[in-house]
Amino acid sequence: MNNKVNVRFAPSPTGVLHIGSVRTALFNWLYARHNNGNFFLRIEDTDKLRSTDENTKLIFKILEWLQINWDGEPVIQSSRMDRHKEVALDLVARGKAYYCYCTPEELASKKEYCLRENKPYKYDGKCRNGNTNHDLNIKPVIRLKSELDGFTVVNDMVQGEVKVNNSQLDDLVLIRSDGTPTYMLSVVVDDHDMNITHVIRGDDHLTNTFRQIQIYKACGWDIPKFGHIPLIYGPDGAKLSKRHGAASAIDYMQLGYLPEAISNYLLRLGWSHGDEEIITRENAIKWFDFNSVGKSPSRFDMAKLQNLNAHYIKERNNESLLEYALPFFKCELTEENKKNILKGMNSLKERAKTIVELADSSLIYVKAPEIYDDKCSKYATSNHLELLREIITKLNNAEFSTNEEELCNSIKEFANLRNVKLVEIAQAIRGALCGKLASPSVFEIISIIDKEETIKRLNSFVDHYSK
RNA sequence: GUCUCCUUAGUCUAGGGGCCUAGGACAUCGCCCUCUCACGGCGACAACACGGGUUCAAAUCCCGUAGGAGACGCCA
C-alpha cells in the first residue's frame, strides 16, 4: 500500500475544463495505470463564488468521454474545510503560522514598499497574534511563517532540480479573514490526506510548489514527488485561451473530434516515444513515463489534430461511427436513412476530418439538395441538361440499371457515344444529387438512393436550370 | 521589476560527443491514381536562436547574449 503510486487530477470548476487540463488529467491517468496505481479525482471548489455545479458535471462528462476513469469517489474539496482549518490552527498553536491583522491599506502600502525595495513580503512583529497595538475589530488572516534563510529545492520529474532562495518566498495566507481556507493550504492538506505520492500538474504551478513545500515542512509531512508539465500555448506562443478559439475540452467534443484523436494528440504534445505517432491506449499505458516528457511548451496545432481525427474516423467501424454521429445531425433520421448512410459509410468516412463534416456529408442519403452550389451552373448548360434528360429516360426505361458497376459502365459508354468526357456527365449528376461538386462516387450514390430518388433529383436539377 | 523555466523546419518532435550530408509526423507544394472531392502512393521545400569556449571531434558538455513563457492575490 505504501509504495503504491497515487496520483490525482484536481481541476477547479470555476470555468469550463481547459484542454490543457485534459492533458494533465491524461498524463496523471497514464502514469497511474502504467504503475498499477490509483488515479483520484478531486474537485477544487473552494472558490464558492465562481464554482458551479455545471462545470463540475462537465468535468465528469469530459473524463468519461475520454475514458479517463478515476478510482473511488471524487473528493469534493469544500467538504473538507474543517480539516483544513484544523491544520491551520494547529500550525498557529505550534508557532508555524500566525494571525495577521494588517488592513488592506497597510498591506497595499507594505507590498508597494516591498516591490519598490525588491524585498519579499515577510511577517514582522506587528502581525503577530495578541498584538494589542492592533485594532481587534479587524478580522485577521492566518499566514504561514515561512523560512527566511536557505533554499527550497524541488526535484521535479520533468524540470529537474529547481532551486529558489527562501528569501523570495512570502508568508502566504492559509486562512482568509472570513475563516475559509485558501487553495495553497487545501491542496497540501488534501494531497497529504489522500496519500498522493506524485503531484503531476501544469507548469504554472511550479513556483507555487516552493510555497507548498513550506507548508509540508511546517506540518512535518512527507513531500510528494512533483512533475510539472509544460503548458500548451496557442499559435501565438501565449498560454492557450479562449481568444485562440477553442480552448475548452467541450469545444472539441462539439467540433466533432473523437476522444481517441484528442487523447492521441494531447499525448504527443510534449511527450514522445521514438517515431511513434499513432498510439493506442494500450501502448500509451505501456510506454508512458516522465523521461520522455519534454521540458518546453508546445503550441496547439489544429491541423495535426484534424489529421489524427481523420485517421481515427477511418479506423472506427461504420456502425459505431453512425451511432457517434447521430447527435450531430440536425434532422431526425429514419431507419431507411440510417441503412443508406451505413451503405455509403466507407466512402463518407474517408472524406471526413470531423464528425460534423461526416454528418453533413451523410445528408446526401437523407434528402435531396435544397440549394445548388453556384459552381453547379458550370455543369448545367443546355448540353448538360440534355444529357441528363437522356439519362433520366434510360433509367426510366431500365436501359440503365442502378447497380454501381453496371451503371458506371453504361454511363461511360454513353459518354463515349455522345462524344463528351465522363467528367462532364458525372459532375452534372453530382450537382443534381448532392447540390455540390464534391462527393463520393456518383454511381455509388445512385446505387444507394436507388432509381426513384435519383430520377427525382435529376428532374429537379433539370427543372431548376431550365428556367 | 523580481524569481523560475524554455529555445532542432510554419507546427509536434527524434537526438544523450563521432552512427547526423540532422530522422519521423502534420502543414505546404508537385507528380501518380481518378467521375469530383478525398483516400492512397511517390517526391520536394524546410531546422540545430546567436556568440564564445572545452575537445582530435559539439545539435549534444560549459559560459555568456538574445528571444519567449510562467509565477509573483484573502483566484485556483
Side-chain angles (χ1 to χ4, degrees), chain A residues 10-15 44-47 49-51 77 100 102 104 107 111 114-116 118-121 139-143 154 156 158-160 162-165 167-170 172-178 180-184 186-187 202-211 228 230-231 233 235 237-239 265 268-278 292 294-308 310 314 346-353 361 379 408 411-412 415 421-431 434 436-443:
Chain A
S12 82
T14 51
E44 307 217 316
D45 59 342
T46 53
D47 184 346
L49 277 176
R50 293 193 298 144
S51 299
Q77 190 162 59
C100 170
C102 285
L107 212 58
K111 214 166 162 192
C114 290
L115 220 57
R116 179 159 26 91
N118 193 14
K119 289 177 179 162
Y121 170 61
K139 287 189 162 187
V141 299
I142 296 180
R143 286 183 186 275
V154 178
D156 197 270
V158 178
Q159 308 292 343
V162 186
K163 196 161 85 169
V164 76
N165 197 314
S167 67
Q168 293 297 326
L169 271 22
D170 60 356
L172 62 275
V173 173
L174 263 19
I175 302 287
R176 302 185 188 101
S177 54
D178 69 357
T180 59
T182 59
Y183 160 80
M184 285 295 172
S186 307
V187 177
D203 201 15
D204 48 344
H205 285 288
L206 185 59
T207 49
N208 282 336
T209 307
F210 300 111
R211 313 210 285 168
H228 288 92
L231 299 179
Y233 291 174
K239 207 171 165 180
Y265 179 70
R268 279 288 289 103
L269 219 49
W271 177 87
S272 63
H273 186 79
D275 284 342
E276 301 289 340
E277 295 289 346
I278 306 292
S292 324
K295 287 181 166 192
S296 54
S298 37
R299 299 182 187 207
F300 198 91
D301 182 16
M302 204 62 122
K304 189 149 185 173
L305 207 211
Q306 275 201 356
N307 176 274
L308 238 22
K314 285 193 269 283
N346 281 340
S347 306
L348 292 171
K349 74 178 180 184
E350 71 180 23
R351 270 155 252 261
K353 290 212 185 313
S361 63
Y379 296 96
C408 179
I411 298 270
K412 275 180 182 167
K421 286 190 172 156
L422 179 60
V423 61
E424 297 295 325
I425 296 177
Q427 284 299 68
I429 296 176
R430 195 181 320 276
C434 310
K436 54 186 183 185
L437 297 180
S439 80
S441 155
V442 291
F443 309 117

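Throughout, protein chains are lettered first and strands after them, A, B, ... in sequence-line order, and every chain is numbered starting at 1.
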Would you say B:rC75 has OP1 or OP2 under 4.0 Å from some side-chain N or O of A:Arg176?
->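 Yes, such a contact exists.
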
Give one of base, sugar-phosphate or nothing for A:Pro230, where a contact means two heavy atoms less than 4.0 Å apart.
->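 Nothing: the residue A:Pro230, judged by heavy atoms under 4.0 Å, touches no strand.
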
Interatomic distance at P, B:rC29 relative to B:rC37, whole Å |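 Result for the P pair: 14 Å, nearest Å.
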
A:Asn208 (side chain) and B:rA76 (base): donor-acceptor pair under 3.5 Å |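 Such a pair is found, so the answer is yes.
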
Grab the two heavy atoms, one from A:Arg176 and one from A:Val141, that are nearest each other, plus how far apart they are.
->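 Looking at all heavy atoms of both residues, the shortest contact is C-CG1, 4.0 Å.
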
Base, sugar-phosphate alone, or nothing: which one does A:Lys421 contact when heavy atoms must sit under 4.0 Å apart?
->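 Since no nucleic acid heavy atom lies under 4.0 Å of A:Lys421, the category is nothing.
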
For A:Ser298, report the nucleic acid contact type (base, sugar-phosphate, nothing); a contact means any heavy atom under 4.0 Å.
->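 If one applies the 4.0 Å heavy-atom cut-off, A:Ser298 turns out to touch the sugar-phosphate alone, with no base involved.
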
Does any N or O donor sit under 3.5 Å from an N or O acceptor when you compare the side chain of A:Lys304 with the base of B:rA25?
->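 Present.
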
How close or far is atom P of B:rC75 from atom OH of A:Tyr183, stated in whole angstroms?
->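 Value for this atom pair: 14 Å.
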
Do the side chain of A:Ser177 and the base of B:rC74 come within less than 3.5 angstrom through a donor-acceptor pair of N or O atoms?
->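 Checked by distance alone, the answer is yes.
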
Look at the side chain of A:Asp275 against the base of B:rG23 and say whether a donor-acceptor pair falls under 3.5 Å; ignore hydrogens and angles.
->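 Side chain to base: pair present.
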
Is B:rC6 in the syn range, within 90° of 0, or in the anti range?
->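 Glycosidic conformation of B:rC6: anti.
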
Taking OP1 and OP2 of B:rA14, is either one under 4.0 Å from a side-chain nitrogen or oxygen of A:Ser272?
->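 It does, given that an N or O in the side chain of A:Ser272 lies less than 4.0 Å from OP1 or OP2 of B:rA14.
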
Base B:rC39 to side chain A:Arg351, donor-acceptor N/O within 3.5 Å cut-off =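 Under the 3.5 Å cut-off, the side chain and the base do not form any donor-acceptor pair.
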
